[in-house]
Amino acid sequence: MAFRQDPRFPGPSVAEMERRCRRVWEAMEQAGLDGLLVYGDSGAQGANCANVLYLAGYQDPLFAYVLVAKGREPALFISNELYLPHARAMARVDQVDWLSWNPADRLAAAVEEHGLAEGRIGLVGSRGIQRSSLPHEHVRTLMERLPRVRWQDATELLQKLRRVKSPAELELLRQGARITDATVAALASHTRPGMTECQLAGLVHRAAWEHGGEPRLTFLGSTSMDDPDLVFPRQQPSLRQLERGDVVLTELSASYGGYPGQIHRPVAVGGAPTADYRALFELAVETFQAVVESLRPGGTDEDVRRAARQVLAGRGVWTMDALVHGWGLSLEPPRLDVPELAIIRRPQEPIVFEPGMVLVVQPHLLSADRRRGLQVGSVVAVTETGPQVLQQYPMEFVCAG
């Protein structure tokens, strides 16, 4: 194998890329596949490119494909010829080409060049909160151009491989967590009445870039604590100006080499939180700590629910966001709730926790009347000796301005 690494771009080492490639070949062998055709795009704040990043070390502004044949290094095909100099520097693979103005035709030719024109090829789409398919036009043309290929869905193959992180991946996640912590520190230091939510987002992005990372997720929104009209951060910040007595709700991620942290901390503007918000925060922190303690090797999804119920039962609160979700290059399964408290119902996935799994624990609590809400959360790794919280920023109600 001929993987490479440019020190200007943080990310996995050559040894780590070789490990991944061997694991993918083994999984293909077990699934009876001769090749994989892996799609990624810039959706979900870049998380839809997770599989391309995992296999080739590159994230495309538009979309890209990776072709993997058993016994051969992955080949990367990017969206735009203009991006080739950057892609050839950033990518960990030697074969980097662009897709031409007829992407499916170029992919069909690549399949033939790799000796797969009569093989069994797995198609890999995105898998985050929801499954995302490959572009219909591309798939249709591939099937027309390559009638002897046997195609099958292999999206879950890569999803399962990525679920347990290597020591090298965990170190990249620690760096992403460190940079994400810096974004909250920037809010704590610089948030003032009169600033807009957009200006707060500017603080977050500046902190991520200045610490050698990249902004991934900037959900934040503000509301009055006395007369609230928001229980979850906005997915896009607004021009609303902060006032004393506001709370800023946050969900922030910044990445290092593609590997992000994630943190949720409320920010009180111009003073301390009100008694109602303080009580909600303290209950959320108690829930967080109980759930984290349940994330041990051999533990299950029901252990998580039991831990949360012991804190929340009879407390008159509701929740909207997932209590726990998987984490890595993108949001991953599982997504776990306490169903009887959840306003939004989502499928519950059984899971047994293993060392190397990484999750976000993020209790999101609403008052009984559903007018007040906040969330606390951090990235947590399951290790041989128990859970390890990767975010180092204190679990506090931030007071700023």
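Position 1 is the first residue of the sequence; numbering continues from there. FYI, side chains are in, hydrogens and waters are out, and symmetry mates aren't considered; it's all heavy atoms of this structure.
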Would the number of heavy atoms belonging to other residues, nucleotides or ligands and lying under 6.0 Å from CD of Q236 be above 12? no
Salt-bridge criterion met for R174 and E171 (N-O under 4.0 Å): yes
Decide whether D226 and S224 meet the rule of one side-chain donor and one side-chain acceptor closer than 3.5 Å. no
Examine distances only and state if a side-chain atom of N80 and a backbone atom of L82 form a donor-acceptor pair shorter than 3.5 Å. yes
Thinking salt bridges, do E302 and R309 make one under a 4.0 Å N-O criterion? yes
Going by atom types alone, do Q375 and D321 pair a side-chain donor with an acceptor below 3.5 Å? yes
How about H86 and F9: are their ring centres within less than 6.0 Å of each other? yes
May I ask you to decide whether R106 forms a salt bridge with E113, counting only side-chain N to carboxylate O separations under 4.0 Å? yes
Quick check for you: to the nearest 0.5 Å, what is the distance between S238 atom OG and L200 atom CG? 9.5 Å
In terms of ring plane angle, is the pair H138 and Y65 parallel, tilted or perpendicular, where the classes change at 30° and 60°? tilted
Salt-bridge contact R20-E16 (side-chain N to carboxylate O under 4.0 Å): yes
Distance in Å, H114 NE2 paired with E112 CD, rounded so as to fall on 0.5 Å steps: 12.5 Å
Output yes when K70 and E29 qualify as a salt bridge under the 4.0 Å nitrogen-oxygen rule, no when they do not. yes
Just by distance, do the side chain of Q348 and the backbone of R346 share a donor-acceptor pair under 3.5 Å? yes
May I have the step-by-step check of side-chain contact (heavy atoms from CB on, under 4.5 Å) for L390 and L173, ending in yes or no? CA-CA 8 Å; L390 301 190; L173 282 163; 4.1 Å; yes
Main-chain N/O of V96 paired with R88 side-chain donor or acceptor, under 3.5 Å: yes
Go through D41 and D60 one step at a time and tell me if the side-chain contact (heavy atoms from CB on, under 4.5 Å) criterion holds. CA-CA 7 Å; D41 60 41; D60 198 276; over 6 Å; no
T250 side chain to P266 main-chain N or O, any donor-acceptor pair under 3.5 Å? no
Does R206 come within less than 4.0 Å of E210, counting only side-chain N to carboxylate O? yes
For L217, is there any backbone N or O sitting under 3.5 Å from a side-chain donor or acceptor partner on S253? no
Evaluate side chain to side chain donor-acceptor pair (under 3.5 Å) for D153 paired with T155, printing each intermediate quantity in order. CA-CA 6 Å; D153 183 2; T155 299; 3.0 Å; yes
For R178, is there an ion pair with D181 - N to carboxylate O distance below 4.0 angstrom? no
Pairing donors with acceptors under 3.5 angstrom, does anything connect the side chains of S222 and E197? yes
Determine whether a donor-acceptor pair (N or O, by modelled atom type, separation under 3.5 Å) exists between the side chain of E73 and the backbone of D94. yes
Rounded to the nearest 0.5 Å, what separation is found between the OG1 atom of T319 and the CG atom of L366? 7.0 Å
Quiz question: by atom type and distance under 3.5 Å, do the side chains of D369 and S367 form a donor-acceptor pair? yes
Taking the side chain from R345 and the backbone from P339, do they hold a donor-acceptor pair closer than 3.5 Å? yes
Atom CD of residue position E340 - does it have more than 12 heavy atoms of other residues, nucleotides or ligands inside 6.0 Å? yes
Can you check whether L116's main-chain N or O pairs, donor with acceptor, with E118's side chain at less than 3.5 Å? no
Correct closest heavy-atom pair for L283 and V317 would be CD2-CG1, 3.8 Å
State which residues pass side-chain contact (heavy atoms from CB on, under 4.5 Å) with P193; sequence neighbours excluded, sorted by chain then number. R244, V269
With no hydrogens and no angle check, is any side-chain donor or acceptor of H211 less than 3.5 Å from a backbone partner on A207? yes
Identify whether the distance between the nearest side-chain nitrogen and carboxylate oxygen of R19 and E169 falls below 4.0 Å. yes
So, are D246 and R240 salt-bridged, with charged N and O less than 4.0 Å apart? yes
Worked check of side-chain contact (heavy atoms from CB on, under 4.5 Å) between L374 and V247: CA-CA 9 Å; L374 56 71; V247 62; 5.8 Å; no
Is NZ or CZ of R296 both nearer than 6.0 Å to the six-membered ring centre of F353 and within 45° of the ring axis? no
What I want to check is whether the side chains of H205 and T218 have a donor and an acceptor closer together than 3.5 Å. yes
Is E332 salt-bridged to R162, going by a charged N under 4.0 Å from an acidic O? yes
Identify which one of Q392, Q391, Q262 satisfies the side chain to side chain contact (heavy atoms under 4.5 Å, CB included) criterion when paired with T180. Q391
Can you tell me if T191 uses its side chain to pair, donor with acceptor, with the backbone of A188 under 3.5 Å? no
Around E384, counting heavy atoms of other residues, nucleotides and ligands shown, do more than 12 lie under 6.0 Å from its CD? no
